[in-house]
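Labels below follow one simple rule: chain letters A, B, ... track the order of the sequence lines, proteins then strands, and each chain is numbered from 1. What you are looking at is a predicted structure, and each value in this text was computed from that prediction instead of being measured.
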Protein chains: 4
Amino acid sequence: MSSTKASVVDPGMTASERPGRLAAGQDPVKRQQILDGANRVFSQMGFDAASMNDITREAGVSKGTIYVYFNNKEELFIDLCQQYKAALFDGIYQALESNNSDLREALIQFGISLSTLITSNAGIRAQRVIIGVAERMPSMSSSFYEKGPKKGLALMRALLDKHVAAGSLAIEDTELAAYQLSDLFHSGLLRRRLFGQMELEPEPEQIRKTVTAGVDLFLKAYKA
Amino acid sequence: MSSTKASVVDPGMTASERPGRLAAGQDPVKRQQILDGANRVFSQMGFDAASMNDITREAGVSKGTIYVYFNNKEELFIDLCQQYKAALFDGIYQALESNNSDLREALIQFGISLSTLITSNAGIRAQRVIIGVAERMPSMSSSFYEKGPKKGLALMRALLDKHVAAGSLAIEDTELAAYQLSDLFHSGLLRRRLFGQMELEPEPEQIRKTVTAGVDLFLKAYKA
Amino acid sequence: MSSTKASVVDPGMTASERPGRLAAGQDPVKRQQILDGANRVFSQMGFDAASMNDITREAGVSKGTIYVYFNNKEELFIDLCQQYKAALFDGIYQALESNNSDLREALIQFGISLSTLITSNAGIRAQRVIIGVAERMPSMSSSFYEKGPKKGLALMRALLDKHVAAGSLAIEDTELAAYQLSDLFHSGLLRRRLFGQMELEPEPEQIRKTVTAGVDLFLKAYKA
Amino acid sequence: MSSTKASVVDPGMTASERPGRLAAGQDPVKRQQILDGANRVFSQMGFDAASMNDITREAGVSKGTIYVYFNNKEELFIDLCQQYKAALFDGIYQALESNNSDLREALIQFGISLSTLITSNAGIRAQRVIIGVAERMPSMSSSFYEKGPKKGLALMRALLDKHVAAGSLAIEDTELAAYQLSDLFHSGLLRRRLFGQMELEPEPEQIRKTVTAGVDLFLKAYKA
DNA sequence: TATGAATGAGCCTTCATTCAT
DNA sequence: TATGAATGAAGGCTCATTCAT
């Protein structure tokens, strides 16, 4: 996911270049074209300041067409947020799910994946937009959280539980410990990024360093 | 700062009851009256969805008057954000600044103050609003961060440096450690609150528990 | 003309089932299919509120096809109004044209035919639509009136003139008398129907009673 | 009521010339100014084809102001229709209500008042507009009918009942008779006017002649 | 000085019409 | 030839800002 283009499908040609003709609102390429335009606009302006005209221009599609694919501005936004979730969280849990014998390595791998995504430009923009409307559209931000952070937390907690049972970790409250670990993954990165204090995406090396330091801090304190 | 009324000044009478007459845009009580109304509206709607009419109604002041005190909606918003910073961060650094011999206790006190504020309803709303416009008004979110988190981080780091020098802590990178500590203060609280996953302000007891666990984790791992 | 289907032609098969292939815009069955759909939509919504999409759906024909048969929405509407006239007024003048020796019976028969039609659901809808656009499309309502009421009036007047000449009626102004008679045919029916004060089509018995009373009133006053 | 200006109030100055300042949506002159503009536009275009921009221009008032006085287009229209009713029917029943001993004269006076109004330009336009939306806004056309025709009919019927009881008239069904009479008032006028077959308002002389002929026809047939 | 009625640009959305398929 | 996806002007309505009172 690049910082300006959230495209998930990419058949290598634009909607108008493709052969055949699809039913109204059924062309996935055009749909994605609209979502990409909407992503750029919503990311920069937030939901309310973004105008359908802006999206029209950015997506290179006429206004009427947008309304064939999406019933209204809010539904377009909701669909875009679904895509944010998918783009951010799909497939980053492998490091935890694969039966990894080395706890430290598994946590570091997962932490790097997670931190890389949520501190990426696209990830930061998505979080900003969603946090910005959390007061008025609580269900959206809720579902974002549940699809993303919550799932990772559950997996981490299960992993910690296993190691506690095996005697390799000594943790009283594994739920709290999972929260701690997940925050340690992006110490000094996420918050600064969200508030615009760090303009560029952190370098992979910086992420690795931060994650490693966090995991080591965590393991040193909690080892049995 | 209560969750519905952010008034910082309270001279015990409304603007119109006060004696004398101030130059246009010079009455600090009326100014605060406007900011309080704006706070309630911006907190609920975000910057763009809030209307000046809403603020007019909420502040109990006429539209013309608002424009005497603030040039436009954006400046009103900026001034309000300045106030957020003041309300949130002024006077919470004593626990660190006072010459406290007990490190653990000092960190816990500071952590509780900080976490209580930034997970309060008012604090969450302020952060949401500011994060929501971070893309379009980077300077505002930046200055918010600098006034708030950054200052606390600098103080914490200085404290850590002192203890490292004194040999009671063994930390290689105290900057990173300060980030880690500040994130551990609100593990499992801030993020859930921001995304609307935790509707009510956390109980003081929950905050104390979280902060204590974070500080203990930190100290256990970093003690010399 | 039923209230929901104004079809005048019915060749027993839909356009696409018919053999051969007609030049664009030349198939009278398809043309009627469009007019029937348009009738249903225009009747319910009026000219301006009706959308070509509604008509498309109702007619079961594509938008492009409609534009092959009719240049634009207005022409479709005009053609439909022509059809209203035909459907309403064609063939109702026999009672007057046939050389009927019994004046009373002839007037009653004609009155019943006329009142039945113009108070029918289809008739009321057609009149409403046409009256509704009379200000903007005067020629259409004019021609509707001329094809319908005016012709009947002329025939009635001729009949009255004949009876005046024969000495059986004593009428000074037979033009005015014809107007009076035509209004008496639907006393208490037409106006209430137009303004929606009578929801259902009047029963045949009610029409007969009204027409008979009107004719008798008329003849009693004007008999020689 | 002139044909282009339905103004009921006329304080001799425009809203902006008047002294003092009224609360939003409370200035009756400005309100009337809007209604007058709306009247001109709705009369010419009908409800659906009329645009709020047209009304804005015609009323000489900004769009925002219209929305202070009326919640939306439909409410503006409804209020205008109320005014149509008032302008058309208020105070035309005196001829019937005053204790008039001469039946013929009373009916003629009332008939002239009624016919003059409902065949006036303003009256015709109002009826066209209301008939044009009768299918979609049945309550409006219903209430128009009830305020207008229905009330006159009830009064006429009561009068006829009185004369039947007194033995001066012999009518079986006075309800039907009242309908007949009311239609005879405008024989050859109303319908032609509605369908645009008579461009100019009928001359007073023509109305008098028509009404007189109708009343005489009626009385001759129904006299005891 | 404070007020709030008025303004009009701009918002989201619809729909008559076109034209590539 | 028939189709219906795409267009974009125009619709109803809102709201930041102004200015007469």
Comparing B:Tyr67 with D:Ala49, nearest DNA chain F nucleotide closer to 5' gives the residue D:Ala49
* Would one find a side-chain N or O of B:Thr65 under 4.0 angstrom from OP1 or OP2 of E:dT3? -> yes
To the nearest angstrom, the CG-C1' distance between D:Asp27 and F:dT21 comes to 14 Å
Quick note, D:Lys63 side chain, CB onward, closest among E:dG8, F:dA2, E:dT13 is E:dG8
Of D:Asp54 and A:Ser62, the one whose closest nucleotide on DNA chain F sits nearer the 5' end is A:Ser62
- With a 3.5 Å cut-off and no angle check, do the side chains of A:Asp79 and A:Gln83 form a donor-acceptor pair? no
Exercise for review: Answer yes if the side chains of B:Tyr84 and B:Asn39 hold a donor-acceptor pair under 3.5 Å, and no otherwise.
Suggested key: yes
Whole-Å distance, A:Ile55 CD1 to E:dT13 P, equals 10 Å
When rounded to whole Å, the CE to C1' distance for the pair D:Met52 and F:dT14 reads 12 Å
Is any side-chain N or O of A:Lys30 closer than 4.0 Å to OP1 or OP2 of F:dA6?
yes
Rounded to whole Å, the CZ-P distance (C:Phe47 to E:dC15) equals 13 Å
* Check every strand shown and say whether A:Ala50 touches a base, only sugar-phosphate, or nothing at a heavy-atom separation below 4.0 Å. => sugar-phosphate
Here the distance between atom C1' of E:dT13 and atom CG of A:Leu76, to the nearest Å, is 13 Å
Taken to the nearest whole Å, CD1/A:Ile66 to P/F:dG8 is 12 Å
Exercise for the section: Verify, without hydrogens or angle tests, whether B:Glu135 (side chain) and A:Met45 (backbone) share a donor-acceptor contact under 3.5 angstrom. Expected result: no
Winner on side-chain proximity to D:Lys73, out of F:dC13, E:dT18, F:dA6, is F:dC13
Over 60° means perpendicular and under 30° means parallel, so classify the ring planes of B:Phe77 and B:Phe42, tilted if in between. perpendicular
Note: for B:Val61 and A:Asn71 on DNA chain E, the residue whose nearest nucleotide lies more 5' is B:Val61
Rounded to whole Å, CD1 of D:Ile34 lies from P of E:dA5 at a distance of 13 Å
By the Watson-Crick or G-U definition, both distances under 3.5 Å, E:dT17 is matched with F:dA6
query: Backbone N or O of C:Ala50 within a donor-acceptor pair of the C:Lys73 side chain at under 3.5 Å?
result: yes
Of the listed F:dC13, E:dT17, E:dC11, the closest approach to the A:Asn53 side chain comes from E:dC11
Of A:Gly64 and D:Gly60, the one whose nearest nucleotide on DNA chain E sits closer to the 5' end is D:Gly60
Regarding the side chain of B:Ser51, the nearest nucleotide among E:dA6, F:dA16, F:dC13 is F:dA16
Atom CG of D:Asp48 and atom C1' of F:dA10 are separated, to the nearest Å, by 15 Å
